[in-house]
Amino acid sequence: MVPERAPFPATRLRRLRQHAWLRDLVQEHRLHPSELIWPVFLCEGQKQRIDIPSMPGVQRYSVDVAVVEIARAHQLGIQAIALFPQVPDNLKTPDGAEAFRKDNLVCTATRAIKQNVPGVGIICDVALDPYTDHGQDGLVVDGEVHNDRSVEALQRQSLNQARAGADILAPSDMMDGRIAAIRDALDTESFEKVVLLSYAAKYASSFYGPFRDAIGSTSNLKGDKRSYQMNPGNSNVALHEVALDLQEGADMVMVKPAMPYMDIIGDIKRTFKVPTLAYQVSGEYAMLKFAAIAGALTWDEVMLESLLGLKRAGSDAIFTYAARDIASLLSKA
Ligand code: PBG
């Protein structure tokens with residue numbers, strides 16, 4: 001309990017707000033570039049920088065360009081990146097087989113980044129949606145995303161990415177039992193040091209729209225993902241998801257999207273006291289970016305405020321497409 005405080009006028013809360021230095025002195029939460037994770041979209045080819053119309057300021061890079069941009073981001077203080085491939089349509093199949101190929105885009109990029117920017121942590125997404133022609137995160141059997149068949153596929157995808165040198169695997173698929181299964185698969189090949197970051201509380205959100213454009217799965221996706229991603233009307237099951245993932249061996253957990261789910265971030269952090277991450281998703285980025293372009297909001301200010309809010313809610317680290325902008329702002333501050 002908070003002890004009782006002296007009433008006004010002995011207490012004047014404005015006393016600590018009167019100077020910048022004093023406000024800084026008593027500030028409880030701060031942002032630092034080392035806790036920002038930059039999601040990077042990849043495409044085939046060379047020297048490619050392709051705009052993504054629904055995410056102004058974000059581009060897809062071919063591997064050669066990605067390496068240069070990631071090195072730059074690292075100099076700004078960003079310590080970890082997350083890779084998302086745009087797989088050409090002719091490589092998308094019902095079983096997502098491209099996800100298991102040793103030299104696919106993500107694995108090629110992982111090796112190139114490890115070689116050229118060795119200090120940066122590499123996070124690879126585990127889910128089949130970039131690779132399936134139906135755009136679902138798992139395998140479809142008899143018209144439904146089949147849990148256990150999908151988990152087997154995710155094990156194969158995980159091993160493929162671990163062999164390429166991924167430091168962290170981040171299952172974003174929301175199949176039941178996948179954390180334990182992936183941990184088992186990794187351990188059979190002595191990848192016991194590979195970290196598992198579980199998208200534990202991932203909601204069936206309409207804020208993912210621009211991301212699906214970015215990886216080119218929008219037109220493929222038939223139906224929705226509500227049979228595996230969480231119902232936005234629920235909070236208790238987020239704690240249940242996290243409890244299971246921790247029992248299964250997750251090292252860190254994530255909430256996604258971030259801003260509409262700040263209560264969930266706080267609940268998880270207070271309940272489990274484990275590294276809790278937030279993903280400020282594509283739709284959140286687009287919302288702020290388009291408002292800034294329209295002149296309704298000031299980009300730097302609203303980005304900083306939105307990320308600081310996520311820290312205050314309990315996030316230890318944050319995925320954000322604005323990671324580089326914010327890192328350079330923080331380095332100037
Ligand atoms: C898919 C995946 C999605 C995102 C990250 N991994 C989209 C989805 O579930 O459809 C969304 C990220 C974003 O919107 O920024 N496994």
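Ligands are counted one by one from 1 in listed order, and the atoms in each one are counted from 1 as well. Quick note: residue numbers are just sequence positions, from 1.
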What protein heavy atom sits nearest [atom], and how far away is it?
{"atom": "atom 8 (C) of ligand 1", "answer": "K225 NZ, 3.3 Å"}
{"atom": "atom 12 (C) of ligand 1", "answer": "F211 CD1, 3.3 Å"}
{"atom": "atom 16 (N) of ligand 1", "answer": "S172 OG, 2.7 Å"}
{"atom": "atom 2 (C) of ligand 1", "answer": "K202 NZ, 3.2 Å"}

Checklist entry - Is D167 salt-bridged to K114, going by a charged N under 4.0 Å from an acidic O? => result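 Salt bridge: yes.
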
Checklist entry - Which atoms of ligand 1 are found less than 4.0 Å from any heavy atom of K256? => result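 Reading through ligand 1 atom by atom, the close ones are 2 (C), 3 (C), 4 (C), 5 (C), 6 (N), 11 (C), 12 (C).
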
Item to check | Sub-4.0 Å atoms of ligand 1 with respect to non-hydrogen atoms of A127 | outcome: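 Per the distance check, 16 (N).
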
Next on the checklist: My understanding is that we take every heavy atom of each candidate and find the minimum distance to atom 10 (O) of ligand 1. Doing that for M174, M55, R212, which one comes out nearest?
Outcome noted: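 Answer by nearest heavy atom: R212.
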
Next on the checklist: Pair F211, F41 - check ring pair (Phe, Tyr, Trp, His ring centres under 6.0 Å), show working.
Outcome noted: CA-CA 9 Å; F211 173 94; F41 293 115; 5.7 Å; yes

Checklist entry - Within a reach of under 6.0 Å around CD of E144, are more than 12 heavy atoms found that belong to other residues, nucleotides or ligands? => result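 No, CD of E144 has 12 or fewer neighbouring heavy atoms, counting only those of other groups under 6.0 Å.
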
Yes or no: does [X] have any heavy atom under 4.0 Å from an atom of ligand 1?
{"X": "D129", "result": "yes"}
{"X": "Y321", "result": "yes"}
{"X": "Q229", "result": "yes"}
{"X": "E284", "result": "no"}
{"X": "Y279", "result": "yes"}

Item to check | Contact partition for D125 relative to ligand 1, non-hydrogen atoms under 4.0 Å | outcome: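 The part of D125 near ligand 1 is the side chain, not the backbone.
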
Item to check | Ring centres under 6.0 angstrom apart (W38, F84) | outcome: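 For W38 and F84, the ring centres are not under 6.0 Å apart.
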
Checklist entry - Got an N/O contact under 3.5 Å between S282 and ligand 1? => result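 Yes, there is a polar N/O contact under 3.5 Å.
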
Checklist entry - Sub-3.5 Å donor-acceptor pair from the side chain of S150 to the main-chain atoms of L139, do we have one? => result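 The answer is yes, because a donor-acceptor pair under 3.5 Å joins these two groups.
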
